[in-house]
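This structure is a prediction, so every number in the text was calculated from the model and none was measured.
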Amino acid sequence: MISRERIFYITDKIIEELVRQKIPIKDSRLLKAVIINELTKVTKLLESIDERVRNKISNSRNAPPEGSPSWLALYENYFNEEISTRLKR
């Protein structure tokens, strides 16, 4: 899981870049809150997908050892499928 501190750091970097590019910001506190909220939602979604994919692999017959090339290929395939499915909702 990405830490709250990391989310704050990323948020600050996004706002710094917007300021650097001279993009007008009316309410920086509101913008920061929105960015933090969205990053938190994305993080939770990715964690949920990761958990589902790991369970799917571990519950399959003849599951390859975690970290092996075949496990990584399965993980990537299942992860991409899950992302596609969730984005269609």
Side-chain angles (χ1 to χ4, degrees):
M1 177 174 171
I2 188 170
S3 70
R4 197 88 176 130
E5 292 79 20
R6 189 73 177 152
I7 288 175
F8 288 144
Y9 174 80
I10 293 167
T11 300
D12 288 340
K13 291 298 177 187
I14 291 170
I15 292 173
E16 284 174 17
E17 183 61 21
L18 294 173
V19 169
R20 190 184 71 72
Q21 292 187 21
K22 296 180 172 67
I23 296 173
I25 299 171
K26 290 184 180 182
D27 186 345
S28 62
R29 286 190 294 171
L30 175 62
L31 177 60
K32 187 171 186 167
V34 169
I35 293 170
I36 288 169
N37 185 43
E38 293 305 311
L39 286 175
T40 301
K41 282 196 260 182
V42 168
T43 299
K44 287 179 181 179
L45 172 67
L46 293 174
E47 288 171 356
S48 169
I49 291 171
D50 176 72
E51 183 178 345
R52 184 174 173 94
V53 167
R54 288 175 182 275
N55 286 337
K56 192 173 185 178
I57 293 171
S58 67
N59 291 334
S60 65
R61 265 191 340 198
N62 301 323
E66 186 171 338
S68 68
S70 55
W71 186 92
L72 293 171
L74 273 176
Y75 182 91
E76 184 176 349
N77 185 41
Y78 289 155
F79 192 91
N80 290 334
E81 285 176 5
E82 191 65 28
I83 288 279
S84 296
T85 301
R86 297 214 186 177
L87 291 178
K88 289 179 186 175
R89 293 182 192 170

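For the pair Ile36 and Arg4, the minimum side-chain heavy-atom distance is below 4.5 Å. Here the side chains of Arg54 and Trp71 are in contact, with some heavy-atom distance below 4.5 Å. The shortest side-chain heavy-atom distance between Glu76 and Glu81 does not fall under the 4.5 Å cut-off.
In this structure, the side chain of Asn77 does not engage the main chain of Ala73 through any donor-acceptor pair within 3.5 Å. Here the side chain of Asn37 pairs no donor or acceptor atom with the backbone of Ala33 at under 3.5 angstrom. Remark: side-chain polar atoms of Ser68 are not paired, donor with acceptor, to backbone N or O of Pro64 under 3.5 angstrom. A distance-only check finds no donor-acceptor pair linking the side chain of Ser48 to the backbone of Lys44 [under 3.5 Å].
We find the OG-CD1 distance between Ser28 and Ile35 to be 10.0 Å, quoted to the nearest 0.5 Å. Between the CD1 atom of Ile2 and the CG atom of Leu39 there is a distance of 7.0 Å, given to the nearest 0.5 Å. Atom OG of Ser3 and atom OH of Tyr9 lie 12.0 Å apart (nearest 0.5 Å). Going from atom CD1 of Ile10 over to atom CD1 of Ile15 covers 12.5 Å, rounded to the nearest 0.5 Å.
A salt bridge links Lys41 with Glu38: the closest approach of a Lys/Arg side-chain nitrogen to an acidic carboxylate oxygen falls below 4.0 angstrom. A salt bridge between Glu82 and Arg86 is present, with a side-chain N of the basic residue lying under 4.0 Å from a carboxylate O of the acidic one.
No more than 12 heavy atoms of other residues, nucleotides or ligands lie within 6.0 Å of CZ in Arg52, so this atom counts as exposed by the packing criterion. Counting non-hydrogen atoms of neighbouring residues, nucleotides and ligands closer than 6.0 angstrom, the CD atom of Glu51 reaches no more than 12 such neighbours.
Cluster annotation: Tyr78 and Leu87 are assigned to the same hydrophobic cluster (Ile/Leu/Val/Met/Phe/Trp/Tyr, side-chain heavy-atom contacts under 4.5 Å, transitive). Hydrophobic cluster membership is shared by Ile7 and Leu18, with clusters built from Ile, Leu, Val, Met, Phe, Trp and Tyr side chains linked at under 4.5 angstrom. With hydrophobic clusters built from ILVMFWY side chains whose heavy atoms lie under 4.5 angstrom apart, Ile83 shares a cluster with Leu74.
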### Query
Passes side-chain contact (heavy atoms from CB on, under 4.5 Å), Glu17 versus Gln21? Steps please.
CA-CA 6 Å; Glu17 183 61 21; Gln21 292 187 21; 2.5 Å; yes

### Message
Run the side-chain contact (heavy atoms from CB on, under 4.5 Å) test on Tyr75 and Glu66 for me, step by step, so that the C-alpha distance in whole Å, both residues' side-chain angles and the decisive distance to 0.1 Å come before the verdict.
### Response
CA-CA 9 Å; Tyr75 182 91; Glu66 186 171 338; over 6 Å; no

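When each of Asp50, Val42, Thr43 is paired with Leu46, the side chain to side chain contact (heavy atoms under 4.5 Å, CB included) condition holds for Val42 and for no other. Just one of Thr11, Ile25, Ile14 meets the side chain to side chain contact (heavy atoms under 4.5 Å, CB included) condition when paired with Leu31; it is Ile25.
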